[in-house]
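One-based numbering, in listed order, for ligands and for the atoms of each. Predicted model, so just to flag it, every value in this text is computed and none were measured.
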Amino acid sequence: MTSPFAPGFLEGRTVLITGGGSGIGLAIAQALAGAGANVVLASRKIDRVTEAVEAIRAAGGRALGVAADVREPEAVQAAVARAVAEFGGLDIMMANAAGNFVVPFTEMSFNAWRTVVDIDLHGTFHCAKAAHPHLKASPHGGRFIAITTMRALEGWPGCAHAAAAKAGVMSLIRSLAVEWGPDGILCNTIAPGPIGGTEGVKRLYEETGLSTGLPLGRLGRGEDIAQAALYLCSEAASFVTGTDLVVDGGRQRGQRGGA
Ligand code: NAP
Ligand code: COA
């Protein structure tokens with residue numbers, strides 16, 4: 001896909017992407033690095049993150065990997081501090097890390113619920129807390145973007161924990177958009193549909209045998225979400241805040257049930 005954005009338009013900006021070593025987060029990291037941003041990837045598995053960082057560097061990008069569990073506020077603070085120490089600031093925070101698995105509510109343990117809510121909702125809160133002073137100081141205007149899903153607002157049988165957590169994230173983003181507007185920080189979510197080749201699609205569709213029911217007749221690609229991220233980071237989106245950018249190939253309209 002040829003990007004419609006000007007080459008190098010994110011030069012001089014630094015973005016931290018949680019869960020940036022795989023799937024959608026990696027696709028976003030590659031696109032933002034390709035547009036000139038310094039990218040910092042943070043997640044638990046440092047080997048995978050390091051591999052992603054090396055691939056981005058090999059393609060000519062600037063990248064740094066940090067081990068961090070988003071459930072631990074200190075770890076997220078430390079990841080942000082590393083980004084700032086290495087690149088001189090933080091302009092964009094991308095809260096992408098998530099955990100999810102299909103389990104009927106009656107079989108869901110207390111710890112299963114707590115684990116997903118901790119990663120998805122509390123993890124995003126930790127990102128917001130750690131990033132705010134730096135986003136406020138960004139000379140470009142800070143951006144806080146969370147990766148969610150419209151499933152959170154539709155009811156999501158088999159994924160009640162993730163649905164509740166992601167709905168919480170969407171609500172948090174709406175509140176932050178208002179509170180942080182005066183600080184020049186735009187806050188939005190991207191709500192992808194099923195993206196081929198990802199852990200999400202493996203767990204939610206391939207392992208359950210559910211149909212994606214997509215009107216466009218194809219799964220999404222990582223770059224579909226990456227292009228949405230580029231848009232939200234660009235000047236073209238400078239009046240866009242407090243909203244969900246749905247990039248789902250019409251899944252919301254086409255789905256006829258399922259998880
Ligand atoms: P994925 O590759 O499994 O991405 C999840 C990432 O989060 C991994 O890189 C993982 O890395 C990281 N992570 C998980 N727990 C973490 C923790 N406690 N601390 C730090 N990092 C953690 O799956 P994906 O499908 O690309 O999902 C990416 C995002 O897109 C998620 O927010 C998901 O809800 C959303 N989404 C996906 C789809 C889809 O079709 N795939 C659709 C809608 C929304 P480590 O294991 O190294 O920690
Ligand atoms: N079905 C039912 N319960 C499950 C489960 C499943 N498939 N997977 C995990 N759980 C339960 C565990 O049994 C445990 O509960 P318990 O202590 O009552 O037994 C709880 O969830 C926590 O599991 P654990 O494996 O200790 O958590 P973790 O912190 O090591 O890993 C997960 C977090 C479970 C979310 C793991 O799937 C993960 O790391 N996911 C990241 C990638 C991902 O989910 N990508 C898709 C994004 S859409």
* Quick one: do Arg174 and Asp244 make a salt bridge, cutoff under 4.0 Å? -> yes

Got Leu90 and Ser138 here, is their nearest side-chain heavy-atom distance under 4.5 Å? no

Does atom 44 (O) of ligand 2 have a protein heavy-atom neighbour under 4.0 Å away?
yes

closest protein heavy atom to atom 17 (O) of ligand 2 is Asn111 ND2, 2.9 Å

Subject >> Lys/Arg-Asp/Glu bridge criterion (N-O < 4.0 Å) met for Glu54, Arg57 >> reply: no

In terms of its nearest heavy atom to atom 6 (C) of ligand 2, the top option of Trp113, Phe110, Phe101 is Phe101

Ligand 1 atoms nearer than 4.0 angstrom to some heavy atom of Ala68 are 19 (N), 20 (C)

Arg218 bridged to Asp224 by N-O distance under 4.0 Å:
yes

### Message
Does ligand 1 come near enough to Gly25 that some N or O of the ligand is less than 3.5 Å from an N or O of the residue?
### Response
no

Near Gly193 (heavy-atom distance under 4.0 Å), the atoms of ligand 1 are 40 (O), 42 (C)

Exercise. Does Gly20, backbone or side chain, put an N or O under 3.5 Å from an N or O of ligand 1?
Worked result: no

Closest to atom 19 (O) of ligand 2 (heavy atoms only, candidates Gly25, Ser109, Ser43) is Ser109

The answer for which part of Ile24 has a heavy atom under 4.0 Å from ligand 1 is both

ask   = Non-hydrogen atoms of Asn100 versus ligand 1: any pair closer than 4.0 Å?
value = no

- Query: Heavy-atom contact under 4.0 Å between Pro192 and ligand 1?
  - Reply: yes

Gly200 heavy atoms within 4.0 Å reach ligand 1 at atoms 25 (O), 41 (N)

One finds that the ligand 1 atoms under 4.0 Å from a non-hydrogen atom of Arg71 are 18 (N)

In terms of its nearest heavy atom to atom 41 (N) of ligand 1, the top option of Thr198, Val49, Val247 is Thr198

**Study point:** Any donor-acceptor N or O pair under 3.5 Å, side chains Asp91, His134
**Key:** no

Arg48 heavy atoms within 4.0 Å reach ligand 1 at atoms 8 (C), 9 (O), 10 (C), 11 (O), 45 (P), 46 (O), 47 (O)

| said: So that I can tick it off, tell me whether Arg82 and Glu86 are bridged by a salt bridge, with the cut-off set at under 4.0 angstrom between side-chain N and carboxylate O. | reply: no

Nearest non-hydrogen protein atom to atom 36 (C) of ligand 2, with distance, is Arg203 NH1, 4.1 Å

Closest to atom 11 (C) of ligand 2 (heavy atoms only, candidates Ala112, Gly99, Ala98) is Ala112

Exercise. Treating Ile, Leu, Val, Met, Phe, Trp and Tyr as nodes and any side-chain heavy-atom pair under 4.5 angstrom as an edge, say whether Leu26 and Val201 lie in one connected cluster.
Key: no

So the atoms of ligand 1 within less than 4.0 Å of a heavy atom of Pro194 turn out to be 40 (O)

Quick note on ligand 1: atoms under 4.0 Å from a heavy atom of Ile195 include exactly 39 (C), 40 (O)

>> Using heavy atoms and a 4.0 Å limit, tell me yes or no: is Asn96 in contact with ligand 1?
In response: yes

**Prompt:** Less than 4.0 Å between a side-chain N and a carboxylate O, is that true for Glu154 and Arg151?
**Reply:** yes

Can you check whether a protein heavy atom sits less than 4.0 angstrom from atom 29 (O) of ligand 2?
yes

### Query
With a 4.0 Å cut-off, strictly under, does atom 1 (N) of ligand 2 pick up any protein heavy atom?
yes

Numbered in order shown, the ligand 2 atoms found under 4.0 Å of a heavy atom of Arg71 are 29 (O)

Quick look: Met108 vs ligand 2, heavy-atom contacts under 4.0 Å, and the answer is neither

- Message: Is atom 24 (P) of ligand 2 touching the protein, meaning some protein heavy atom lies under 4.0 Å away?
- Response: no

Counting heavy atoms under 4.0 Å, the part of Lys166 that contacts ligand 1 is side chain

Any N or O of Asn100 that comes nearer than 3.5 Å to an N or O of ligand 2? yes

Test item: protein heavy atom less than 4.0 Å from atom 2 (O) of ligand 1
yes

In ligand 2, the atoms that come under 4.0 Å of a heavy atom of Arg44 are 31 (O), 38 (C), 39 (O), 41 (C)

Ala42 N/O to ligand 1 N/O under 3.5 Å: no

Near Gly23 (heavy-atom distance under 4.0 Å), the atoms of ligand 1 are 2 (O), 26 (O)

Heavy-atom proximity to atom 19 (N) of ligand 1, picking from Thr149, Ile17, Val70, points to Val70

Of all protein heavy atoms, the one nearest atom 46 (C) of ligand 2 is Glu199 CG, 4.0 Å

Would you check, one step at a time, whether the test ring pair (Phe, Tyr, Trp, His ring centres under 6.0 Å) holds for His161 with Phe105? CA-CA 8 Å; His161 45 11; Phe105 186 81; 9.2 Å; no

With heavy atoms and a 4.0 Å threshold, my read on which part of Thr148 contacts ligand 1 is backbone

Of all protein heavy atoms, the one nearest atom 27 (O) of ligand 2 is Thr115 CG2, 3.9 Å

If you compare Ala97, Ala146, Ser43 by their heavy atoms, the one closest to atom 47 (O) of ligand 1 turns out to be Ser43

Checking heavy atoms under 4.0 Å, the part of Ala162 that sits near ligand 1 is neither

